[in-house]
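Reading through the C-alpha coordinates given below for one structure.
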Amino acid sequence: MELKIDQVTKRYKDKLAVDHVSLTLKPGVWGLLGANGAGKTTLMRMIAGIMKPTSGDILYDNLSIQSLQGEYRNIFGYLPQEFGFYPEFTVTDYLSYVAALKGLSKAKTRDKIDALLEQLTLTDVRKKKILKLSGGMKRRVGIAQALLNEPEILILDEPTSGLDPGERVRFRNLLSKFAQNRIVLISTHIVPDVEYIANQNAIIKEGKIIALGTTEELERLVENKVYRCTMHPKELAKQEGRLRIVNLKNEEDGRVSLRYLSEQPMTENSIAEAPRLEDLYLWLFPQEEVRA
Amino acid sequence: MNKEWSAKMKKALSEKEPADLKGQMDRMVKLADVQFGQSKRKRIGFWGLLMRQVNSVGWCIWGMEAAAAFLGSFVLGSLLKDPYFFTPRKIAFYLSCGTVTASMLLLPVLYRSIRFRMIEVESAAYFSYKRLLVSRFLLFFAGEVAGMGVMGVIAYGRQLMSGSMLIYVLVPMLLTGEGILIFLKRSSPDKLCIHYACYDGVLLLLLCVVYRAVPQIYDGKYGSILTATGIILLGCSIRQCMRLIKQPEEALYV
(Lines give C-alpha, C1' and ligand atoms only; values in the text may rest on other atoms or scores of the structure.)
Protein backbone atom coordinates (compact mmCIF):
# COMPACT_ATOMS: atom_id res chain seq x y z
CA MET A 1 0.00 0.00 0.00
CA GLU A 2 1.45 3.34 -1.01
CA LEU A 3 0.17 6.85 -1.41
CA LYS A 4 2.34 8.89 -3.72
CA ILE A 5 2.09 12.66 -3.88
CA ASP A 6 3.79 13.59 -7.12
CA GLN A 7 4.84 17.21 -7.71
CA VAL A 8 1.53 18.49 -6.46
CA THR A 9 0.95 22.22 -6.76
CA LYS A 10 -2.00 24.39 -5.83
CA ARG A 11 -2.16 27.93 -7.01
CA TYR A 12 -4.85 30.40 -6.07
CA LYS A 13 -5.21 33.71 -7.89
CA ASP A 14 -2.46 35.54 -6.05
CA LYS A 15 -0.85 32.81 -3.98
CA LEU A 16 1.03 29.56 -4.42
CA ALA A 17 -0.34 27.54 -1.52
CA VAL A 18 1.42 24.25 -2.27
CA ASP A 19 4.56 24.26 -4.34
CA HIS A 20 5.65 21.05 -6.10
CA VAL A 21 5.28 18.79 -3.10
CA SER A 22 6.37 15.18 -3.52
CA LEU A 23 5.98 12.55 -0.83
CA THR A 24 5.61 8.79 -0.76
CA LEU A 25 3.57 7.58 2.18
CA LYS A 26 3.77 3.98 3.28
CA PRO A 27 1.97 2.34 6.23
CA GLY A 28 2.73 4.04 9.53
CA VAL A 29 2.17 7.41 11.13
CA TRP A 30 3.28 10.46 9.19
CA GLY A 31 3.48 13.89 10.73
CA LEU A 32 3.02 17.00 8.62
CA LEU A 33 4.33 19.94 10.60
CA GLY A 34 4.04 23.58 9.70
CA ALA A 35 2.94 26.94 10.97
CA ASN A 36 -0.47 28.43 10.21
CA GLY A 37 -0.68 29.29 6.52
CA ALA A 38 2.15 26.94 5.53
CA GLY A 39 -0.10 24.94 3.18
CA LYS A 40 -0.94 21.96 5.39
CA THR A 41 -4.71 22.13 5.04
CA THR A 42 -4.54 22.71 1.29
CA LEU A 43 -2.30 19.67 0.92
CA MET A 44 -4.55 17.58 3.16
CA ARG A 45 -7.61 18.55 1.12
CA MET A 46 -5.90 17.48 -2.07
CA ILE A 47 -4.90 14.17 -0.53
CA ALA A 48 -8.49 13.72 0.65
CA GLY A 49 -9.60 14.25 -2.94
CA ILE A 50 -11.87 17.18 -2.16
CA MET A 51 -9.58 19.72 -3.79
CA LYS A 52 -8.14 19.42 -7.27
CA PRO A 53 -4.42 20.19 -7.63
CA THR A 54 -3.41 22.82 -10.15
CA SER A 55 -0.77 20.39 -11.35
CA GLY A 56 0.74 17.10 -10.27
CA ASP A 57 -1.04 13.98 -9.21
CA ILE A 58 -1.81 11.87 -6.19
CA LEU A 59 -1.57 8.14 -6.72
CA TYR A 60 -2.85 5.32 -4.58
CA ASP A 61 -0.93 2.16 -5.50
CA ASN A 62 0.00 3.88 -8.79
CA LEU A 63 -3.61 4.72 -9.66
CA SER A 64 -4.69 8.34 -9.72
CA ILE A 65 -7.17 9.12 -6.96
CA GLN A 66 -9.08 11.34 -9.41
CA SER A 67 -9.83 8.26 -11.50
CA LEU A 68 -10.53 6.01 -8.52
CA GLN A 69 -13.18 8.43 -7.16
CA GLY A 70 -15.57 6.57 -4.85
CA GLU A 71 -13.24 3.59 -4.60
CA TYR A 72 -10.61 5.83 -3.05
CA ARG A 73 -13.10 7.55 -0.74
CA ASN A 74 -14.19 4.08 0.30
CA ILE A 75 -10.83 3.37 1.90
CA PHE A 76 -9.96 6.60 3.58
CA GLY A 77 -11.16 8.56 6.54
CA TYR A 78 -10.85 12.32 6.80
CA LEU A 79 -11.10 14.70 9.70
CA PRO A 80 -11.01 18.29 8.45
CA GLN A 81 -9.57 21.12 10.50
CA GLU A 82 -12.92 22.83 10.76
CA PHE A 83 -16.01 20.74 10.84
CA GLY A 84 -19.49 21.22 12.17
CA PHE A 85 -22.62 19.30 13.01
CA TYR A 86 -26.27 19.61 12.22
CA PRO A 87 -27.82 21.11 15.35
CA GLU A 88 -30.49 18.46 15.83
CA PHE A 89 -28.02 15.56 15.77
CA THR A 90 -27.08 13.53 18.79
CA VAL A 91 -23.74 11.71 18.76
CA THR A 92 -25.40 8.51 17.53
CA ASP A 93 -27.48 10.36 14.92
CA TYR A 94 -24.38 12.04 13.53
CA LEU A 95 -22.36 8.85 13.32
CA SER A 96 -25.31 6.99 11.73
CA TYR A 97 -25.66 9.80 9.19
CA VAL A 98 -21.99 9.73 8.25
CA ALA A 99 -22.02 5.92 8.20
CA ALA A 100 -24.82 6.06 5.61
CA LEU A 101 -22.76 8.51 3.53
CA LYS A 102 -19.86 6.09 3.75
CA GLY A 103 -22.15 3.34 2.47
CA LEU A 104 -22.17 1.17 5.58
CA SER A 105 -25.13 -1.16 6.09
CA LYS A 106 -27.37 -0.65 9.14
CA ALA A 107 -26.00 -3.68 10.96
CA LYS A 108 -22.41 -2.67 10.39
CA THR A 109 -23.22 0.89 11.43
CA ARG A 110 -24.63 -0.25 14.75
CA ASP A 111 -21.64 -2.46 15.56
CA LYS A 112 -19.09 0.08 14.46
CA ILE A 113 -20.68 2.96 16.38
CA ASP A 114 -20.82 0.90 19.58
CA ALA A 115 -17.15 -0.05 19.25
CA LEU A 116 -15.96 3.46 18.46
CA LEU A 117 -17.95 5.11 21.22
CA GLU A 118 -16.36 2.74 23.68
CA GLN A 119 -12.84 3.27 22.30
CA LEU A 120 -13.21 7.03 22.42
CA THR A 121 -15.06 7.06 25.77
CA LEU A 122 -18.17 8.62 24.35
CA THR A 123 -20.64 5.93 25.39
CA ASP A 124 -22.12 8.04 28.17
CA VAL A 125 -22.94 10.89 25.80
CA ARG A 126 -24.21 8.89 22.84
CA LYS A 127 -27.70 10.31 23.14
CA LYS A 128 -26.60 13.83 23.91
CA LYS A 129 -26.82 16.56 21.28
CA ILE A 130 -23.39 17.29 19.87
CA LEU A 131 -23.82 21.03 20.28
CA LYS A 132 -23.95 20.54 24.02
CA LEU A 133 -20.66 18.64 24.21
CA SER A 134 -17.32 20.14 25.21
CA GLY A 135 -14.76 21.01 22.52
CA GLY A 136 -12.69 17.93 23.26
CA MET A 137 -15.69 15.61 23.03
CA LYS A 138 -16.75 17.18 19.74
CA ARG A 139 -13.27 16.54 18.40
CA ARG A 140 -13.50 12.91 19.50
CA VAL A 141 -16.81 12.56 17.68
CA GLY A 142 -15.07 13.94 14.61
CA ILE A 143 -12.33 11.35 14.97
CA ALA A 144 -14.97 8.64 15.38
CA GLN A 145 -16.62 9.53 12.06
CA ALA A 146 -13.24 9.31 10.32
CA LEU A 147 -12.76 5.78 11.63
CA LEU A 148 -16.26 4.47 10.79
CA ASN A 149 -15.33 2.79 7.52
CA GLU A 150 -12.11 1.20 8.88
CA PRO A 151 -10.03 3.29 6.51
CA GLU A 152 -6.70 2.18 5.12
CA ILE A 153 -5.67 5.80 4.89
CA LEU A 154 -6.50 8.21 7.67
CA ILE A 155 -6.07 11.92 7.10
CA LEU A 156 -6.35 14.08 10.21
CA ASP A 157 -6.03 17.85 9.99
CA GLU A 158 -5.19 19.35 13.37
CA PRO A 159 -6.94 16.54 15.21
CA THR A 160 -5.94 17.41 18.74
CA SER A 161 -6.92 21.05 18.97
CA GLY A 162 -9.21 21.41 21.95
CA LEU A 163 -8.11 18.18 23.60
CA ASP A 164 -6.66 18.23 27.11
CA PRO A 165 -3.30 16.48 27.78
CA GLY A 166 -4.92 13.24 28.93
CA GLU A 167 -7.09 13.11 25.82
CA ARG A 168 -4.04 13.85 23.67
CA VAL A 169 -2.16 10.90 25.13
CA ARG A 170 -5.15 8.59 24.63
CA PHE A 171 -5.51 9.84 21.09
CA ARG A 172 -1.80 9.20 20.34
CA ASN A 173 -2.08 5.67 21.70
CA LEU A 174 -5.21 5.01 19.66
CA LEU A 175 -3.51 6.19 16.49
CA SER A 176 -0.39 4.16 17.14
CA LYS A 177 -2.49 1.01 17.42
CA PHE A 178 -4.53 1.95 14.39
CA ALA A 179 -1.52 2.71 12.19
CA GLN A 180 -0.29 -0.86 11.92
CA ASN A 181 -0.64 -1.71 8.20
CA ARG A 182 -2.37 1.64 7.57
CA ILE A 183 -1.27 5.06 6.47
CA VAL A 184 -2.04 7.76 9.00
CA LEU A 185 -1.21 11.35 8.11
CA ILE A 186 -1.54 13.95 10.86
CA SER A 187 -1.09 17.60 10.14
CA THR A 188 -0.41 19.78 13.14
CA HIS A 189 1.54 22.69 14.50
CA ILE A 190 1.65 21.04 17.93
CA VAL A 191 4.93 19.13 17.74
CA PRO A 192 4.44 16.73 20.69
CA ASP A 193 1.37 15.28 18.93
CA VAL A 194 3.60 13.59 16.41
CA GLU A 195 7.01 13.62 18.05
CA TYR A 196 6.65 10.27 19.77
CA ILE A 197 4.41 8.36 17.40
CA ALA A 198 5.33 9.46 13.88
CA ASN A 199 7.55 7.14 11.87
CA GLN A 200 8.36 10.00 9.52
CA ASN A 201 7.77 13.73 9.64
CA ALA A 202 7.56 16.26 6.86
CA ILE A 203 7.93 19.94 7.61
CA ILE A 204 6.14 22.29 5.25
CA LYS A 205 6.87 25.99 4.92
CA GLU A 206 5.33 28.38 2.37
CA GLY A 207 3.94 25.44 0.46
CA LYS A 208 7.23 23.55 0.16
CA ILE A 209 8.52 20.52 2.04
CA ILE A 210 11.73 21.78 3.63
CA ALA A 211 12.63 18.80 5.77
CA LEU A 212 11.71 15.14 5.74
CA GLY A 213 12.78 12.24 7.93
CA THR A 214 12.33 10.37 11.17
CA THR A 215 12.17 12.34 14.40
CA GLU A 216 15.81 11.46 15.17
CA GLU A 217 17.03 12.47 11.69
CA LEU A 218 15.25 15.80 11.90
CA GLU A 219 16.52 16.48 15.40
CA ARG A 220 20.07 16.03 14.11
CA LEU A 221 19.53 19.02 11.82
CA VAL A 222 19.66 21.26 14.90
CA GLU A 223 22.38 19.37 16.70
CA ASN A 224 24.81 21.79 18.37
CA LYS A 225 22.33 24.58 17.87
CA VAL A 226 20.43 24.18 21.16
CA TYR A 227 21.83 25.63 24.36
CA ARG A 228 20.83 26.15 27.95
CA CYS A 229 22.01 28.90 30.24
CA THR A 230 20.97 30.90 33.26
CA MET A 231 21.12 34.64 33.73
CA HIS A 232 19.86 37.48 35.86
CA PRO A 233 16.52 38.92 34.72
CA LYS A 234 18.19 42.30 34.11
CA GLU A 235 20.69 40.67 31.80
CA LEU A 236 17.80 38.93 30.01
CA ALA A 237 16.34 42.30 29.12
CA LYS A 238 19.69 43.26 27.49
CA GLN A 239 19.76 40.02 25.49
CA GLU A 240 16.31 40.69 24.09
CA GLY A 241 16.31 40.31 20.33
CA ARG A 242 19.65 38.46 20.30
CA LEU A 243 18.46 35.14 21.65
CA ARG A 244 15.97 32.84 19.95
CA ILE A 245 14.35 31.49 23.08
CA VAL A 246 12.61 28.11 23.07
CA ASN A 247 11.86 27.93 26.77
CA LEU A 248 12.11 30.38 29.62
CA LYS A 249 11.78 29.44 33.29
CA ASN A 250 12.13 31.38 36.54
CA GLU A 251 14.39 29.55 38.97
CA GLU A 252 14.10 29.60 42.76
CA ASP A 253 17.30 31.58 43.16
CA GLY A 254 15.79 34.49 41.23
CA ARG A 255 17.71 33.79 38.05
CA VAL A 256 16.13 32.83 34.75
CA SER A 257 16.87 29.58 32.95
CA LEU A 258 16.81 29.74 29.15
CA ARG A 259 16.79 27.18 26.40
CA TYR A 260 17.67 28.92 23.17
CA LEU A 261 18.66 28.29 19.57
CA SER A 262 21.83 29.62 18.06
CA GLU A 263 24.62 28.62 15.69
CA GLN A 264 27.06 29.27 18.54
CA PRO A 265 26.75 29.67 22.33
CA MET A 266 25.79 33.27 23.10
CA THR A 267 26.77 33.36 26.79
CA GLU A 268 29.72 32.04 28.75
CA ASN A 269 27.70 29.61 30.84
CA SER A 270 25.78 28.09 27.89
CA ILE A 271 25.69 24.30 27.71
CA ALA A 272 24.75 22.37 24.57
CA GLU A 273 21.50 20.45 24.94
CA ALA A 274 20.15 17.42 23.11
CA PRO A 275 17.81 18.72 20.45
CA ARG A 276 14.12 17.94 20.25
CA LEU A 277 11.82 18.10 17.25
CA GLU A 278 10.24 21.22 18.68
CA ASP A 279 13.62 22.93 18.51
CA LEU A 280 13.84 22.21 14.78
CA TYR A 281 10.33 23.49 14.32
CA LEU A 282 11.16 26.76 16.05
CA TRP A 283 14.46 26.99 14.15
CA LEU A 284 12.56 26.78 10.89
CA PHE A 285 9.59 28.91 12.02
CA PRO A 286 11.13 31.72 14.05
CA GLN A 287 7.84 33.60 14.27
CA GLU A 288 6.54 30.89 16.63
CA GLU A 289 9.28 31.36 19.25
CA VAL A 290 8.85 32.81 22.74
CA ARG A 291 9.64 36.50 22.98
CA ALA A 292 11.96 37.53 25.87
CA MET B 1 -18.73 -7.72 -10.37
CA ASN B 2 -18.83 -3.93 -10.64
CA LYS B 3 -20.37 -3.13 -14.04
CA GLU B 4 -18.15 -0.15 -14.67
CA TRP B 5 -15.01 -2.09 -13.88
CA SER B 6 -16.22 -4.99 -16.01
CA ALA B 7 -16.76 -2.62 -18.96
CA LYS B 8 -13.23 -1.24 -18.51
CA MET B 9 -11.79 -4.76 -18.51
CA LYS B 10 -13.69 -5.74 -21.68
CA LYS B 11 -12.54 -2.61 -23.44
CA ALA B 12 -8.95 -3.15 -22.37
CA LEU B 13 -8.98 -6.80 -23.51
CA SER B 14 -10.48 -5.98 -26.89
CA GLU B 15 -7.84 -3.40 -27.72
CA LYS B 16 -4.87 -4.28 -29.92
CA GLU B 17 -1.70 -5.26 -28.17
CA PRO B 18 -0.25 -2.02 -26.87
CA ALA B 19 3.36 -1.03 -27.11
CA ASP B 20 3.81 -1.24 -23.36
CA LEU B 21 2.19 -4.62 -22.72
CA LYS B 22 3.91 -5.26 -19.40
CA GLY B 23 2.89 -1.83 -18.11
CA GLN B 24 -0.66 -2.45 -19.26
CA MET B 25 -0.75 -5.84 -17.54
CA ASP B 26 0.60 -4.33 -14.33
CA ARG B 27 -2.12 -1.70 -14.38
CA MET B 28 -4.79 -4.33 -14.97
CA VAL B 29 -3.50 -6.43 -12.10
CA LYS B 30 -3.61 -3.40 -9.86
CA LEU B 31 -7.16 -2.61 -11.00
CA ALA B 32 -8.10 -6.20 -10.20
CA ASP B 33 -6.47 -5.82 -6.79
CA VAL B 34 -8.43 -2.68 -6.07
CA GLN B 35 -11.61 -4.42 -7.21
CA PHE B 36 -10.88 -7.35 -4.90
CA GLY B 37 -10.38 -4.94 -2.08
CA GLN B 38 -13.65 -3.28 -2.93
CA SER B 39 -15.56 -6.54 -2.82
CA LYS B 40 -14.41 -6.88 0.79
CA ARG B 41 -15.85 -3.42 1.39
CA LYS B 42 -19.28 -3.86 -0.10
CA ARG B 43 -21.30 -0.68 0.27
CA ILE B 44 -24.99 0.11 0.12
CA GLY B 45 -26.22 1.54 -3.18
CA PHE B 46 -27.63 5.00 -3.83
CA TRP B 47 -31.17 3.89 -3.04
CA GLY B 48 -29.93 2.54 0.27
CA LEU B 49 -28.51 5.99 1.00
CA LEU B 50 -31.82 7.55 0.02
CA MET B 51 -33.74 5.35 2.45
CA ARG B 52 -31.32 6.17 5.27
CA GLN B 53 -31.71 9.88 4.48
CA VAL B 54 -35.41 9.58 5.24
CA ASN B 55 -34.66 9.19 8.93
CA SER B 56 -31.92 11.80 9.17
CA VAL B 57 -33.30 14.64 7.06
CA GLY B 58 -36.38 13.35 5.21
CA TRP B 59 -38.89 14.01 7.98
CA CYS B 60 -37.53 17.54 8.49
CA ILE B 61 -37.93 18.28 4.78
CA TRP B 62 -41.43 16.84 4.63
CA GLY B 63 -42.44 18.62 7.82
CA MET B 64 -41.32 21.91 6.29
CA GLU B 65 -43.22 21.16 3.08
CA ALA B 66 -46.34 20.17 5.01
CA ALA B 67 -46.23 23.44 6.92
CA ALA B 68 -45.81 25.38 3.68
CA ALA B 69 -48.64 23.41 2.03
CA PHE B 70 -50.93 24.12 4.97
CA LEU B 71 -50.15 27.81 4.78
CA GLY B 72 -50.57 27.79 1.02
CA SER B 73 -53.92 26.04 1.29
CA PHE B 74 -55.07 28.57 3.84
CA VAL B 75 -54.07 31.49 1.60
CA LEU B 76 -55.51 29.89 -1.52
CA GLY B 77 -58.71 28.96 0.28
CA SER B 78 -59.12 32.57 1.45
CA LEU B 79 -58.50 33.88 -2.04
CA LEU B 80 -60.95 31.48 -3.60
CA LYS B 81 -63.76 32.81 -1.44
CA ASP B 82 -63.39 36.14 -3.22
CA PRO B 83 -65.23 35.98 -6.57
CA TYR B 84 -62.62 38.37 -8.07
CA PHE B 85 -59.99 35.67 -7.66
CA PHE B 86 -62.29 32.77 -8.40
CA THR B 87 -61.64 32.54 -12.11
CA PRO B 88 -59.99 29.49 -13.64
CA ARG B 89 -57.34 31.65 -15.32
CA LYS B 90 -56.30 33.30 -12.09
CA ILE B 91 -56.35 30.02 -10.17
CA ALA B 92 -54.07 28.47 -12.78
CA PHE B 93 -51.71 31.45 -12.63
CA TYR B 94 -51.53 31.45 -8.83
CA LEU B 95 -51.00 27.71 -8.76
CA SER B 96 -48.07 28.06 -11.15
CA CYS B 97 -46.51 30.89 -9.19
CA GLY B 98 -47.17 29.11 -5.90
CA THR B 99 -45.43 25.97 -7.15
CA VAL B 100 -42.31 27.89 -8.20
CA THR B 101 -42.29 29.80 -4.92
CA ALA B 102 -42.72 26.60 -2.92
CA SER B 103 -39.75 25.06 -4.71
CA MET B 104 -37.56 27.71 -3.07
CA LEU B 105 -38.03 25.74 0.13
CA LEU B 106 -35.29 23.57 -1.34
CA LEU B 107 -32.76 26.37 -0.80
CA PRO B 108 -32.23 25.86 2.95
CA VAL B 109 -32.05 22.11 2.35
CA LEU B 110 -29.28 22.59 -0.20
CA TYR B 111 -27.46 25.15 1.90
CA ARG B 112 -27.43 23.13 5.12
CA SER B 113 -24.09 21.47 4.49
CA ILE B 114 -22.32 24.79 3.98
CA ARG B 115 -24.17 26.56 6.76
CA PHE B 116 -23.29 23.90 9.35
CA ARG B 117 -19.78 23.20 7.96
CA MET B 118 -20.55 19.59 7.17
CA ILE B 119 -19.58 19.89 3.53
CA GLU B 120 -16.01 18.62 3.78
CA VAL B 121 -16.95 15.53 5.78
CA GLU B 122 -19.78 14.82 3.33
CA SER B 123 -17.60 15.38 0.26
CA ALA B 124 -14.94 13.03 1.55
CA ALA B 125 -17.43 10.19 2.13
CA TYR B 126 -18.07 7.37 -0.35
CA PHE B 127 -21.22 8.87 -1.86
CA SER B 128 -19.85 12.38 -1.87
CA TYR B 129 -21.57 15.71 -1.95
CA LYS B 130 -23.52 15.83 -5.21
CA ARG B 131 -25.14 12.44 -4.72
CA LEU B 132 -26.13 13.54 -1.24
CA LEU B 133 -27.79 16.64 -2.69
CA VAL B 134 -29.55 14.52 -5.32
CA SER B 135 -30.93 12.34 -2.52
CA ARG B 136 -32.19 15.44 -0.69
CA PHE B 137 -33.69 16.74 -3.92
CA LEU B 138 -35.52 13.44 -4.48
CA LEU B 139 -36.90 13.51 -0.95
CA PHE B 140 -38.03 17.08 -1.47
CA PHE B 141 -39.58 16.24 -4.82
CA ALA B 142 -41.41 13.26 -3.34
CA GLY B 143 -42.82 15.55 -0.67
CA GLU B 144 -43.90 18.05 -3.30
CA VAL B 145 -45.68 15.39 -5.32
CA ALA B 146 -47.40 14.01 -2.23
CA GLY B 147 -48.45 17.47 -1.09
CA MET B 148 -49.69 18.35 -4.53
CA GLY B 149 -51.65 15.11 -4.63
CA VAL B 150 -53.33 15.80 -1.32
CA MET B 151 -54.19 19.38 -2.27
CA GLY B 152 -55.47 18.18 -5.63
CA VAL B 153 -57.75 15.62 -4.02
CA ILE B 154 -59.12 18.17 -1.56
CA ALA B 155 -59.63 20.83 -4.22
CA TYR B 156 -61.23 18.37 -6.61
CA GLY B 157 -63.43 16.99 -3.86
CA ARG B 158 -64.63 20.47 -2.99
CA GLN B 159 -65.08 21.22 -6.67
CA LEU B 160 -62.81 24.22 -6.38
CA MET B 161 -61.04 23.35 -9.62
CA SER B 162 -60.92 20.76 -12.35
CA GLY B 163 -58.34 18.02 -12.80
CA SER B 164 -56.81 19.82 -15.76
CA MET B 165 -55.49 22.45 -13.34
CA LEU B 166 -52.92 19.86 -12.31
CA ILE B 167 -50.86 20.71 -15.36
CA TYR B 168 -50.31 24.23 -14.01
CA VAL B 169 -48.64 22.70 -11.00
CA LEU B 170 -46.81 19.84 -12.69
CA VAL B 171 -45.11 21.80 -15.43
CA PRO B 172 -43.66 24.52 -13.15
CA MET B 173 -42.64 21.80 -10.68
CA LEU B 174 -40.79 19.92 -13.40
CA LEU B 175 -39.21 23.15 -14.65
CA THR B 176 -37.84 23.93 -11.21
CA GLY B 177 -36.72 20.31 -10.80
CA GLU B 178 -34.90 20.33 -14.11
CA GLY B 179 -33.28 23.62 -13.12
CA ILE B 180 -31.94 22.32 -9.86
CA LEU B 181 -30.55 19.20 -11.53
CA ILE B 182 -28.72 21.33 -14.09
CA PHE B 183 -27.26 23.52 -11.36
CA LEU B 184 -26.30 20.48 -9.29
CA LYS B 185 -24.24 19.35 -12.22
CA ARG B 186 -22.68 22.65 -13.16
CA SER B 187 -22.57 24.99 -10.16
CA SER B 188 -19.99 24.99 -7.42
CA PRO B 189 -21.41 24.30 -3.95
CA ASP B 190 -21.06 27.88 -2.73
CA LYS B 191 -22.88 29.29 -5.77
CA LEU B 192 -25.57 26.63 -6.10
CA CYS B 193 -28.19 28.36 -3.95
CA ILE B 194 -27.71 31.77 -5.57
CA HIS B 195 -27.99 30.27 -9.05
CA TYR B 196 -31.11 28.34 -8.13
CA ALA B 197 -32.75 31.34 -6.44
CA CYS B 198 -32.06 33.47 -9.51
CA TYR B 199 -33.43 30.76 -11.76
CA ASP B 200 -36.65 30.60 -9.75
CA GLY B 201 -36.89 34.38 -9.83
CA VAL B 202 -36.58 34.36 -13.60
CA LEU B 203 -39.22 31.63 -13.85
CA LEU B 204 -41.65 33.66 -11.75
CA LEU B 205 -41.03 36.66 -13.93
CA LEU B 206 -41.59 34.55 -17.01
CA LEU B 207 -44.91 33.28 -15.65
CA CYS B 208 -46.04 36.85 -15.01
CA VAL B 209 -44.98 37.94 -18.48
CA VAL B 210 -46.85 35.02 -20.04
CA TYR B 211 -49.91 35.86 -17.96
CA ARG B 212 -49.82 39.39 -19.32
CA ALA B 213 -48.87 38.60 -22.90
CA VAL B 214 -50.59 35.28 -23.57
CA PRO B 215 -53.18 34.78 -20.82
CA GLN B 216 -54.97 32.13 -22.88
CA ILE B 217 -52.29 29.67 -21.81
CA TYR B 218 -53.89 29.69 -18.39
CA ASP B 219 -57.34 28.97 -19.79
CA GLY B 220 -56.59 25.32 -20.34
CA LYS B 221 -56.62 25.68 -24.14
CA TYR B 222 -53.07 24.49 -24.62
CA GLY B 223 -53.40 21.51 -22.34
CA SER B 224 -51.95 19.02 -24.83
CA ILE B 225 -48.87 21.19 -25.47
CA LEU B 226 -48.34 21.66 -21.76
CA THR B 227 -48.81 17.94 -21.16
CA ALA B 228 -46.26 17.09 -23.86
CA THR B 229 -43.87 19.64 -22.31
CA GLY B 230 -44.40 18.03 -18.94
CA ILE B 231 -43.62 14.56 -20.29
CA ILE B 232 -40.44 15.79 -21.98
CA LEU B 233 -39.36 17.57 -18.80
CA LEU B 234 -40.04 14.45 -16.76
CA GLY B 235 -37.95 12.34 -19.10
CA CYS B 236 -35.09 14.87 -19.03
CA SER B 237 -35.23 15.10 -15.25
CA ILE B 238 -35.09 11.34 -14.79
CA ARG B 239 -32.17 11.07 -17.21
CA GLN B 240 -30.36 13.96 -15.55
CA CYS B 241 -30.93 12.42 -12.15
CA MET B 242 -29.58 9.02 -13.17
CA ARG B 243 -26.50 10.62 -14.70
CA LEU B 244 -25.80 12.59 -11.56
CA ILE B 245 -26.11 9.45 -9.47
CA LYS B 246 -23.79 7.43 -11.70
CA GLN B 247 -21.18 9.84 -12.98
CA PRO B 248 -17.82 10.41 -11.32
CA GLU B 249 -17.64 13.53 -9.24
CA GLU B 250 -15.34 16.46 -9.51
CA ALA B 251 -13.50 17.61 -6.45
CA LEU B 252 -15.38 19.93 -4.11
CA TYR B 253 -12.83 22.73 -4.48
CA VAL B 254 -11.55 23.21 -8.00
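Lettering of chains follows the sequences in order, A, B, ..., and the numbering in each one begins at 1. Treat the numbers as computed from the prediction; the structure is a model and nothing was measured.
With no hydrogens or angles considered, no side-chain donor-acceptor pair links A:Gln69 and B:Tyr126 at under 3.5 Å.
Of the atoms belonging to A:Ala146, not a single heavy atom falls under 4.5 Å from chain B. Contacts of A:Lys106 with chain B are made by both backbone and side-chain atoms, with heavy-atom separations under 4.5 Å. With a threshold of 4.5 angstrom between heavy atoms, B:Ser113 approaches chain A through its backbone and through its side chain.
Near-neighbour residues of residues 79-88 of chain A relative to chain B, defined by a heavy atom under 4.5 Å from a heavy atom of that chain, comprise A:Pro80, A:Glu82, A:Phe83, A:Gly84, A:Phe85, A:Tyr86, A:Pro87, A:Glu88. Inspection of non-hydrogen atoms places A:Met51, A:Lys52 of residues 51-58 of chain A under 4.5 Å from chain B.
Inter-residue side-chain proximity for A:Tyr97 and B:Met118 is flagged as met; some heavy-atom pair is nearer than 4.5 Å. The shortest distance between side-chain heavy atoms of B:Ser123 and A:Tyr78 does not fall below 4.5 Å. B:Ile44 places none of its side-chain heavy atoms less than 4.5 Å from the side chain of A:Leu104.
If you take OG on A:Ser96 and CZ on B:Arg52, they are separated by 7.0 Å, rounding to the nearest 0.5 Å.
Nearest heavy-atom pair, B:Leu132 versus A:Leu101, reported as atom, atom and distance to 0.1 Å: CD1-CD2, 3.4 Å.
Within a 6.0 Å sphere centred on CZ of B:Phe116, other residues, nucleotides and ligands contribute more than 12 heavy atoms. For B:Ile114, the CD1 atom is densely surrounded, since the number of other residues' heavy atoms within 6.0 Å is greater than 12. Summarising the local packing, CD of A:Glu2 is surrounded by more than 12 heavy atoms from other residues, nucleotides or ligands at distances under 6.0 Å.
A donor-acceptor pair is defined here as one N or O able to donate and one able to accept, closer than 3.5 Å; no such pair exists between the side chain of A:Arg73 and the backbone of B:Ala124.
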